[in-house]
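One structure below.
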Amino acid sequence: MTTSDEAPFVRVCELSKHADRSVTVKGWVYHLRAKGKLVFLVLRDGSGLVQCVGVKGEMDDAQFDEIQRLPMESSIEVRGKVRLDARAPGGAEVGISFVTVLQKADADFPIQPKEHGTGFLMENRHLWLRSRKPWACLRIRDRAIRSIREYFHELGFINIDSPIFTPAACEGTSTLFEVDYFDDKAYLTQSGQLYAEAAAMAFGKVFTFGPTFRAEKSKTRRHLTEFWMVEPEVAFATLDDVMSLAEGLLCRVVGDALTDCKEELKVLERDVTKLECIRAPFPRLSYDEAAKYLQSKGLPFEYGNDFGAPDETAIGEKYDRPVMIHRYPHQVKAFYMKRDPQDPRWALCVDVIAPEGYGEVIGGSQREENLAVLRSRIEEHKLPMDAFQWYLDLRRFGSVPHSGFGMGLERCVAWICGVDHLRECIPFPRMLHKIYP
RNA sequence: UCCCGGAUAGCUCAGUCGGUAGAGCAACCGGCUGUUAACCGGUUUGUCCUAGGUUCAAGUCCUAGUCCGGGAGCCA
């Protein structure tokens, strides 16, 4: 079928602008109900769903019979008139006058509009992407990515990409994926932070945004082995400065989703009143205050340790918006974090805990800018000094106070979507022992 | 790595005290002019995860293993 001036090609999301006019829509058969001399064909084109109605006698008989038998996900073009009709899902429908079948799909499309287990759906992720829930989650993800970039660019940041191949551990803590690098070994990055620090000394305000890799054998709904992280790094910023920056970022991302993703949130049946309370200021608790709260609740938490996932959940449950916990004991935190000059027991760091049990979405800190101190931290953590020579150079040539944080994109998106697993918020998730499709 | 749970039709699951395999949905055929995960009638569908053991008899009980899910730790 060729489109014509009489029936222009229109995306489903634009149909309401073409009421009472003939159009061509192109897409896939999402659902089909044949009812005698009527056939209701729900067409999916990526931008939305529209019900197309075929009436025997008002179109070619052979075509009418053919579309009644179309397997799900067959690709077709439909020409017909747009009608506004309250009985149609979405309010508009297309009265079919002509159909071209591009490909009649095999009859065994595995995903039905019924309940499936997540394991089965993930085996069929390449096809599951066509369903409503992935449609909603991944569009919200796209909106979040745009919001993040817009937010930082509007504040004068520039995007600096950090390398994926790295010569050694950035933090020396989590397990890395090792790859052959010619005759040498390299590792997939677990954080772009150290490179962002170098860039901050060159550009002032920067952010890296890209995939990161953790080879931890985590089997939980809050972990992926490959995930996307945005990491701003700001020269001359203090911990308080980046806490406000993080607060602003979360408000922006959530606010944009509420404004621009109403349909997606509806598909996900997200309780948007929970998102509408996400406004600055966020509660700010010191580690000391948070620890005392946990002890008062009788949780099995030992003062001086890092918070576990159940601890974070308990703290998060107390508030209707993200909580910022700052100044942890330096022993439980990374080597590059600066200690609090007011009280050297604490590291100048912050974790942001999302509400509703979504856990840590942001971790950040003020960085140690003194060369001698940083050297001794590397020694204390038994890290290979050689690998950090370039990093130490940043403290030799015009060192300044600076701070930054990292935000896990999928954790943030999962929270906004209200879904119970991170893997739904990335197109093709990579998890422990899962790398198909 | 550790703890808990699971594996039966294409999918979601039931299967009693150990007695020879079931439902809904999907697919296929037929009916219906306003359906909304339509409905009604009919048809088809099995390596009961694998290997061994107990027993007259194992989907069911025992042992080992494999794979999957969730949680802990670690972190975003």
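Please read these numbers as outputs of a predicted model, since none were measured by experiment. Each chain gets a letter, A, B and so on, in the order the sequences are listed, and its residues count up from 1.
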Quiz prompt | Result of checking R146(A), K205(A), R252(A) against E154(A) for salt bridge (charged side-chain N to carboxylate O under 4.0 Å, His left out) | solution = R252(A)
Could you give the distance separating [M] and [N] at their [atom1] atoms, to the nearest angstrom?
{"N": "C67(B)", "M": "U8(B)", "atom1": "C1'", "answer": "16 Å"}
{"N": "C17(B)", "M": "G65(B)", "atom1": "P", "answer": "29 Å"}
{"N": "U63(B)", "M": "C56(B)", "atom1": "C1'", "answer": "23 Å"}
{"N": "U45(B)", "M": "U35(B)", "atom1": "P", "answer": "35 Å"}
{"N": "C25(B)", "M": "C40(B)", "atom1": "C1'", "answer": "16 Å"}
{"N": "U47(B)", "M": "C32(B)", "atom1": "P", "answer": "38 Å"}

Would you say the base of [N] and the side-chain of [X] have a donor-acceptor pair closer than 3.5 Å?
{"X": "H433(A)", "N": "C67(B)", "value": "no"}
{"X": "H116(A)", "N": "C11(B)", "value": "no"}
{"X": "S218(A)", "N": "G73(B)", "value": "yes"}

Quiz item: What are the two closest non-hydrogen atoms of R221(A) and D420(A), and how far apart are they?
Solution: CD-O, 2.9 Å
Practice problem: List for me each residue that meets side-chain contact (heavy atoms from CB on, under 4.5 Å) alongside P310(A), sequence neighbours excluded, and say none if there are none. | Solution: none
Exercise. Could you pull out all residues at least two apart from L394(A) that satisfy side-chain contact (heavy atoms from CB on, under 4.5 Å)?
Key: E197(A), A198(A), W390(A), Y391(A)
Quiz prompt | Exercise: do S286(A) and E289(A) side chains pair donor with acceptor under 3.5 Å | solution = yes
Quiz item: Taking atom types as modelled, is there a side-chain donor on S74(A) or Q103(A) under 3.5 Å from an acceptor on the other?
Solution: no
Quiz prompt | For C17(B), the Watson-Crick or wobble partner whose two distances fall under 3.5 Å | solution = none
Self-check item: Nucleotide paired to C32(B) in any strand shown, Watson-Crick or G-U, under 3.5 Å
Solution: none
Quiz item: Going by heavy atoms in the side chains, are C412(A) and I416(A) under 4.5 Å from each other?
Solution: yes
Quiz item: Is G117(A) touching bases, backbone alone, or none of the nucleic acid, heavy atoms closer than 4.0 Å?
Solution: sugar-phosphate
If only side-chain N and O atoms of [X] are considered, is one of them under 4.0 Å from the OP1 or OP2 phosphate oxygen of [N]?
{"X": "K434(A)", "N": "G69(B)", "answer": "yes"}
{"X": "R221(A)", "N": "G71(B)", "answer": "yes"}
{"X": "H421(A)", "N": "G70(B)", "answer": "yes"}

Exercise. Give the rounded distance in Å between these two atoms: CG of L121(A) and C1' of G10(B).
Key: 13 Å
Exercise. Could you work out which one of C74(B), A76(B), U1(B) sits closest to the side chain of R222(A)?
Key: C74(B)
Just the atom pairs and distances: protein N or O near nucleotides 25-35 of chain B's N or O, under 3.5 Å.
residue	atom	partner	partner atom	Å
C25(B)	O2'	Q112(A)	OE1	3.3
A26(B)	O4'	Q112(A)	OE1	3.3
C32(B)	N3	G36(A)	N	3.3
C32(B)	N4	A34(A)	O	3.4
C32(B)	N4	G36(A)	N	3.3
U33(B)	OP2	K37(A)	N	3.2
G34(B)	OP1	K35(A)	NZ	3.1
G34(B)	N1	E93(A)	OE2	3.0
G34(B)	N2	Q51(A)	NE2	3.4
G34(B)	N2	E93(A)	OE1	2.7
U35(B)	O2'	R33(A)	NE	3.2
U35(B)	O2	R33(A)	NE	2.6
U35(B)	O2	R33(A)	NH2	2.8
U35(B)	N3	Q51(A)	OE1	2.9
U35(B)	N3	Q51(A)	NE2	3.2
U35(B)	O4	Q51(A)	NE2	2.7
U35(B)	O4	R87(A)	O	2.9

